[in-house]
Each structure stands twice: as C-alpha cells, then as structure tokens.
Amino acid sequence: MSNTALSVAAAVAKPPRKAEMNTLIYWFRNDLRLHDNPAFNRAATLGSQLLPVYCLGSASAIHNGETRWGVMQPSMHRQRVLFDSLIDLDAQLRAMGSALTVVYGPPADILPKLARAVDATAIHCESIAATHEQSELDQLQKAGAQVISSWQSSLFEPEALPFKVQDLPEVYTQYRRALTRAQVAPVAPLPVPAQLPPLPKTAHGYATVNLAAQLTKLGDSSPEPRASLPYLQAEFAGGERAGLTHLTRYFASALPRQYKATRNGLTGTDFSSKLSGWLASGALSVRQVAQAITHYEQREGLNEGTEWLLLELLWRDYFRLLHLQYGAKLFRYRGLRDKVPPVHHDPALFTRWCLGRTGEPLVDAAMHELLATGYLSNRLRQVVASFLIHELGGDWRAGAAWFEAQLVDYDVYNNQGNWLYIAGMGTDPRGGRRFNVQKQALDHDPDQSYQRLWQTV
Ligand code: FAD
C-alpha cells in the first residue's frame, strides 16, 4: 500500500462514513488498559476494523543488551510483570471479540509492515515525551506511517493548567500552589468502550508472540517472602484487572488515611499504596486513582493521608510536565544546568553499588532488595541514589539506567525526574539532595530490622 493510502489526515479531519472501510492500528505503549484510555477509545470509535498491537522491541518495553554503562538485562521481575500485563490485556480484548497482537522488534520496522498487511490507514497511540519514545514516532513517520498520538498519561490535561507548559513554575511547590489556587479538577475517567471494531481479517494469520510461552521461558520463580510488592501473588500481579481490584481493596481499607504517617516505611505491602507498577504500565489510569481518592474523602472525610497521596500524584504530573517542557535536555548529564564539572564513571565502583557491595549496610540492603524483588521504597530509592551520586561520585544516568532495568514500576518520567532532582541537575531549588546514610539508618531503621532482613548487619 502506498503512503497516500496510509494518510490519516482524513481520519482526523473528516471521519469516514460508516460504510467506508477504515482499518486502524492501535499501538499500546504505557497504557495497557481498556478503561479511561482516550486514545484507544478514539481509535475504537473511528475504526471500522481495529488491530490492537504491542511491540516488545519498543522503548516502553524491555531492552536487552549493551548500554553505555555496560550490559543491562531487564530483570526477571520487570519482564514477568510486563508479560502478565499483556496477557491480561489480551484476555480483556478477547472477551470483547478482539485480541492483542504482540510482535518483536522496533516499532518503526514492524508497524509499517503490519499496517500494509492489514491495509490500515493510521496508527493511533499515546504520546510519550521522552527522547527514545519520541524518536520512535519520528521514525515511524519517516517510514511512511501516519501516526496519531495523544497525550493522556497525566492527571491534568496540559490545556487545563493555569500556566502554559512552557511556563511551568520552576519549583514544585510553586506549581502545586498554582494548581490549588486555580482549583483545577481532573476530568472523570472514561469507561471501557461499549464495543470494539472487529479485527482485520488479514490479521488472523499474523504471527503473535506467545506470551504464556514467554512467561514459561523465564522459568520458575519462587516467591520472595520479603517482597514489598509481591507481584507473584495474584493481588499484586501485573495487568488492569488486578490493578483495579487492588485500587478497590486499598481504598476500602484504612490505609489511605494513614498514608502520611507510614509513607516513609522501608518494607511491607502496606506502608505505601503500591500503585506504582500499574500506574507505570498504564494498567491503571491516574485519573482513576484520583477518583478513588475523591470517593474515599467523600465517604471518610478529608484527611492528611489522602491529601498527601494526591501530592505524590502531583509530583508524578510535575515530572511529566517537565519532560514536555524540556525534552531531551533532561537526558544529558548536566540536565538543566548550564555548566557542571565532568563526572567520572567508574565501572567497578558502579558494579559494587548495583550488586549491594559498597560496605554501607543500609545501601547494600536496599540494593539487595532491588535485585531480589524489583521494588524499593521511595525513601530507599532516595538514599541509594544519593549515595551513588554524592558519596561515590557516580554518574546519575548510570544509576537511572540500573533502575530502569530492575524496577517493576519503571516509569521514564518519574525515574528521570527523581534522579535529576537528587543529582541537582533538575529544578530543585536546593541544588540536589544529599542524604546522610547513617542518619537515614538511625531515623528509618533504628533497630536495624530492615538491614537484618537483607542480611547486611
Ligand atoms: P506511593 O508512595 O503510594 O505513591 C503513590 C503514587 O504516587 C506512586 O505510585 C507514584 O505514581 C507517585 N509517586 C510517589 N512518589 C513519587 C515521586 N517521588 N515522584 C513521582 N511520582 C511519585 N516511581 C515510579 O513510578 N517509577 C520509577 O521508575 C521511579 N523511579 C524513582 C527513582 C528514584 C531515584 C526515586 C527517588 C524515586 C523514584 N520513583 C519512581 C518514585 C517513588 O519512589 C515511587 O513511585 C514509589 O516508591 C512507588 O511506590 P508506591 O506506589 O507504593 O508509592
């Protein structure tokens, strides 16, 4: 099919008449859900046939191999949660008469071929304001595909903000106050589409990756009893249905009310919401979480716990806006700073940090936990990041890459934003955060139970 046949301008400006065939591809990225997915809804409304696709070779999936920091294989934890999420998405699509086609390879190679095979006029997807993810769209367009991408991963629509994204207040507290003053309210989440267009007939023969076989290939993994986010248990498994069940369970409990008091905990399933994995893969939409907070407050009254939880969701939005504003600048060593002294990346020292062999018991315990479970509390993420940057003199981008490979809740915006912040290369008015590890251990692990749990004392 020619490029002109792929033209989607018509699909945008002038939706085709019902009788016309308009086959579309929906490319799932970090939005692995059917509820509250405006871009998917739009494709389901515009298409007379719809092929839902996921690319295992995309930037939002999992990378194997060589990076500038050495070989970084995605952890088993990350892979398993991703496969579980995709299996769940496929099951839900099948229940509606559709199915998920999962393909290997980079989107720019695969998607145009698929589009030709099914005679698709356009590829719809969510937009992601990060360098690799954005360049995937650029390459797709260069390959002749018509791509319609929409921003949809933040709580607030950029257009609803009391400032232009380009004028995002430099400091988080100023941004938060501006939102409060303007009383911006999130849009209510959308329901799952009532029905889905059928799959294109030609798609039926297209090879799709066998996800169950992929999971089996990962081998038996025995549950880690010390995991704070035990994704091998059905209640914490990847995927939209487990995410929605967790959301209901969490907000039916007393935990949200206690969140402010418990959020600096180091271990256990209850000290924080454990929503991050589902939010990162997009199995849950942030608007759905905000709505659950509102319902909780209507039922239980305003309280510091849910107020604080919402502030964390605002941090999440803030880092997204920062990416919309600064893009590629956030991925250089100096981030938003004009000039910084050069950093020396010492591979041996970095490896010791990764493997939890620094000799600092709290840091080592945390790095063992990360390796063993793919999750780490926010407090410990801050401590180990600060240690790599400010005590070992390491390159924050290497630490961010290690987190990317390990975390079951890896989210490009949150990860990059927090690392930049601690390194002092972002918008932190205090020019970085240096945590005194001994003080952190005394404050947060006074009886050393966490360090004993991970056998570093
Ligand atoms: P809760 O405390 O219950 O918070 C609820 C939600 O708010 C989280 O799920 C998350 O979406 C958001 N949130 C909480 N804290 C932050 C924060 N500091 N910045 C942005 N959003 C926040 N979070 C990720 O989701 N993915 C990452 O890759 C990631 N990398 C991080 C790297 C470093 C160096 C640091 C310091 C923090 C990082 N965070 C990341 C933020 C935070 O640590 C996790 O979101 C949180 O620990 C996840 O557990 P939870 O869902 O129980 O969090």
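We count ligands from 1, going down the list as the structure has it; atoms in each ligand are counted the same way. Only a predicted model underlies this, so the values are computations on that prediction, with no experimental measurement involved.
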Do NZ/NE/NH1/NH2 and the carboxylate oxygens of [X] and [Y] come within less than 4.0 Å?
{"X": "Glu391", "Y": "Arg434", "value": "yes"}
{"X": "Lys142", "Y": "Asp138", "value": "no"}
{"X": "Arg320", "Y": "Asp411", "value": "yes"}
{"X": "Arg80", "Y": "Asp84", "value": "no"}
{"X": "Glu304", "Y": "Lys260", "value": "yes"}
{"X": "Asp428", "Y": "Arg430", "value": "no"}
{"X": "Asp409", "Y": "Arg381", "value": "yes"}

Specify side chain, backbone, both or neither for [X], according to which of its non-hydrogen atoms lie closer than 4.0 Å to ligand 1.
{"X": "Ser276", "value": "both"}
{"X": "Leu407", "value": "side chain"}
{"X": "Asp409", "value": "both"}
{"X": "Val286", "value": "neither"}

What's the shortest distance from [atom] to any protein heavy atom, and which residue and atom give it?
{"atom": "atom 44 (C) of ligand 1", "answer": "Arg381 NH1, 3.8 Å"}
{"atom": "atom 30 (N) of ligand 1", "answer": "Asn415 OD1, 3.1 Å"}
{"atom": "atom 28 (O) of ligand 1", "answer": "Asp411 N, 3.1 Å"}
{"atom": "atom 43 (O) of ligand 1", "answer": "Asn378 OD1, 2.7 Å"}
{"atom": "atom 25 (O) of ligand 1", "answer": "Asn414 ND2, 3.2 Å"}
{"atom": "atom 17 (C) of ligand 1", "answer": "Asn418 ND2, 3.6 Å"}
{"atom": "atom 2 (O) of ligand 1", "answer": "Tyr259 OH, 2.5 Å"}
{"atom": "atom 3 (O) of ligand 1", "answer": "Ser273 OG, 2.6 Å"}

[X] touching ligand 1 at heavy-atom level, < 4.0 angstrom:
{"X": "Tyr375", "value": "yes"}
{"X": "Arg263", "value": "no"}
{"X": "Tyr413", "value": "no"}

Does the cation-pi check pass for Arg33 over Phe28, that is, NZ or CZ under 6.0 Å from the six-membered ring centre and within 45° of its axis?
->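 Checked: cation-pi criterion not met.
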Does Arg397 make a cation-pi contact with Trp419, if we ask for NZ or CZ under 6.0 Å from the ring centre and within 45° of the axis?
->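 Here Arg397 fails the 6.0 Å and 45° test against Trp419.
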Return yes or no for this condition: an N or O of [X] is under 3.5 Å from an N or O of ligand 1.
{"X": "Ser377", "answer": "no"}
{"X": "Leu275", "answer": "yes"}
{"X": "Trp419", "answer": "no"}

Closest to atom 13 (N) of ligand 1 among Arg379, Glu312, Gln406, Arg316 (heavy-atom distance) |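 Closest candidate by heavy-atom distance is Glu312.
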Report the member of Ala385, Ser386, Ser272, Gly265 with the shortest heavy-atom distance to atom 52 (O) of ligand 1.
->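 Closest candidate by heavy-atom distance is Ser272.
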Side chain proximity check, Asn37 to Gln152, heavy atoms < 4.5 angstrom |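 Sidechains of Gln152 and Asn37: in contact.
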Is any side-chain heavy atom of Leu82 closer than 4.5 Å to a side-chain heavy atom of Leu32?
->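 Yes, at least one pair of side-chain atoms sits under 4.5 Å.
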Which of the ligand 1 atoms, numbered from 1, are nearer than 4.0 Å to a heavy atom of [X]:
{"X": "Leu313", "answer": "6 (C), 7 (O)"}
{"X": "Phe403", "answer": "32 (C), 33 (C), 34 (C)"}
{"X": "Leu309", "answer": "3 (O), 5 (C)"}
{"X": "Leu279", "answer": "9 (O), 11 (O)"}

ring-ring contact (aromatic ring centres under 6.0 Å, His included) partner of Tyr421, chosen from Tyr318, Trp396, Trp315 =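 Testing each of Tyr318, Trp396, Trp315 against Tyr421, the sole residue satisfying ring-ring contact (aromatic ring centres under 6.0 Å, His included) is Trp315.
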His345 and its ring-ring contact (aromatic ring centres under 6.0 Å, His included) partner, picked from Trp69, Trp353, Tyr333 =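 Going through the options one by one, the only one that passes is Trp69.
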Are the aromatic rings of Trp27 and Tyr54 close, with centres under 6.0 Å apart?
->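 Ring-ring flag for Trp27/Tyr54: false, centres at least 6.0 Å apart.
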